[in-house]
Amino acid sequence: MTVPLRVVLADDQALVRAGFRMILTADGIDVVGEAANGAEAVAAVRRTRPDVVLMDIRMPELDGLEATRRILADAGTGPRVIMLTTFDLDHYVYAALTAGASGFLLKDVTPEHLVAAVRLVRSGDALLAPAITRRLVERFARRDSAPAVHGDLSTLTPRELEVLRLLAQGLSNAELAGRLHLSEATVKTHVARILAKLGLRDRVQAVVVAYRSGLVSAVAPE
């Protein structure tokens, strides 16, 4: 029997939480906790040990960015964090990605996209609307004064560098496989090796690394 995916919802708007809960539970996903601020979110994650956290950025008492840092700093907790945002919060989204969040969703996401996003992130992939992610990283990576979250790119093989470059342009595993004339299984192996060599949590951090290292310096055409 498959164990249901477990989610914590953190948003200061009760209506948003109620809507997301309804969408997720209708698809067989368990909402095991809710929070109206960042402090409650941290407590809910520690109490329930979810697989995924849907985290609003702007909340009272403790914002979603700091809550994400605290959650991901807890050894052994290990949830994936998806930030909930709007376009005018771009800078905070980039900060969340560098803090270890696995991606972001706009609050007007469709029900189908919400469910797919939660399942995708739980499987270890990254979020999500890659064109938006590319624009965010391109816009802020050069300005950010925080230390880079990556190891030495010289440890990567030429093929792995090629995979990383295309990954940073927002290509999915299937698209990477088609572009490089490889099987998806081989692409997944390359991606796993890249993450391991660079000490990265997931593909979102790999996108950040590609821009901050200069491997990718311009947004690919839409």
Side-chain angles (χ1 to χ4, degrees), residues 1-7 27-29 49-54 68 72 76-83 93-94 96-105 109 112-138 141 148-216 219-222:
M1 182 177 177
T2 303
V3 177
L5 195 157
R6 296 159 52 84
V7 173
D27 207 75
I29 296 172
R49 304 286 179 171
D51 302 300
V52 176
V53 183
L54 288 169
T68 295
L72 297 181
T77 299
R80 302 283 177 170
V81 178
I82 301 174
M83 307 305 298
V93 173
Y94 179 74
L97 297 183
T98 60
S102 292
F104 66 96
L105 286 172
V109 62
E112 295 80 11
H113 196 180
L114 175 66
V115 170
V118 170
R119 294 192 182 281
L120 183 71
V121 165
R122 177 62 184 91
S123 72
D125 213 328
L127 274 195
L128 231 82
I132 298 173
T133 304
R134 294 199 305 271
R135 288 196 291 271
L136 286 171
V137 177
E138 174 69 9
V149 288
H150 64 86
D152 186 356
L153 292 186
S154 68
T155 62
L156 302 183
T157 66
R159 175 63 94 182
E160 288 165 351
L161 284 170
E162 186 177 19
V163 170
L164 177 57
R165 187 179 293 108
L166 294 174
L167 185 155
Q169 293 173 10
L171 274 67
S172 66
N173 282 347
E175 291 167 335
L176 281 166
R179 179 76 64 87
L180 299 174
H181 305 290
L182 300 171
S183 69
E184 284 194 52
T186 300
V187 168
K188 289 179 181 179
T189 298
H190 282 310
V191 172
R193 287 176 178 167
I194 290 166
L195 299 182
K197 286 183 177 181
L198 300 181
L200 303 176
R201 179 182 176 87
D202 58 26
R203 294 164 67 108
V204 168
Q205 286 193 335
V207 173
V208 174
V209 165
Y211 279 96
R212 296 184 69 173
S213 67
L215 181 66
V216 178
V219 176
E222 296 295 325

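Residue numbers start at 1 and run along the sequence shown. Since the model is a prediction, treat every value here as computed from it, not as a measurement.
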Grab the two heavy atoms, one from [X] and one from [Y], that are nearest each other, plus how far apart they are.
{"X": "V52", "Y": "P79", "answer": "N-CB, 4.5 Å"}
{"X": "L180", "Y": "L166", "answer": "CD2-CD1, 3.7 Å"}
{"X": "E160", "Y": "I194", "answer": "O-CD1, 3.3 Å"}
{"X": "D51", "Y": "P4", "answer": "OD2-O, 4.1 Å"}
{"X": "S213", "Y": "L153", "answer": "OG-CD1, 3.2 Å"}
{"X": "A101", "Y": "M83", "answer": "CB-CG, 3.9 Å"}

Return the [atom1] to [atom2] distance between [X] and [Y], rounded to the nearest 0.5 Å.
{"X": "E184", "Y": "E175", "atom1": "CD", "atom2": "CD", "result": "10.0 Å"}
{"X": "L161", "Y": "H190", "atom1": "CG", "atom2": "NE2", "result": "11.5 Å"}
{"X": "L72", "Y": "R80", "atom1": "CG", "atom2": "CZ", "result": "9.5 Å"}

Hey, are the side chains of [X] and [Y] touching, using non-hydrogen atoms and a 4.5 Å cut-off?
{"X": "V163", "Y": "V191", "value": "yes"}
{"X": "L156", "Y": "L198", "value": "yes"}
{"X": "V187", "Y": "R179", "value": "no"}

In chain order, what residues pass the salt bridge (Lys or Arg N to Asp or Glu O under 4.0 Å) check against R159, with sequence neighbours excluded?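 Partners of R159 by the salt bridge (Lys or Arg N to Asp or Glu O under 4.0 Å) criterion, ordered by chain and then number, come out as E162.
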For D152 and S154, indicate whether the former's side chain and the latter's backbone hold a donor-acceptor pair under 3.5 Å.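 Side chain of D152 to backbone of S154, a donor-acceptor pair under 3.5 Å: yes, one is there.
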Can you spot which of V53, L114, V118, L120 makes a side chain to side chain contact (heavy atoms under 4.5 Å, CB included) with I82?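 Going through V53, L114, V118, L120 one by one, the side chain to side chain contact (heavy atoms under 4.5 Å, CB included) with I82 is satisfied by V118 alone.
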Which residue in the set V81, V7, V121 passes side chain to side chain contact (heavy atoms under 4.5 Å, CB included) when paired with L54?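 With L54 as partner, side chain to side chain contact (heavy atoms under 4.5 Å, CB included) holds for just one option, V7.
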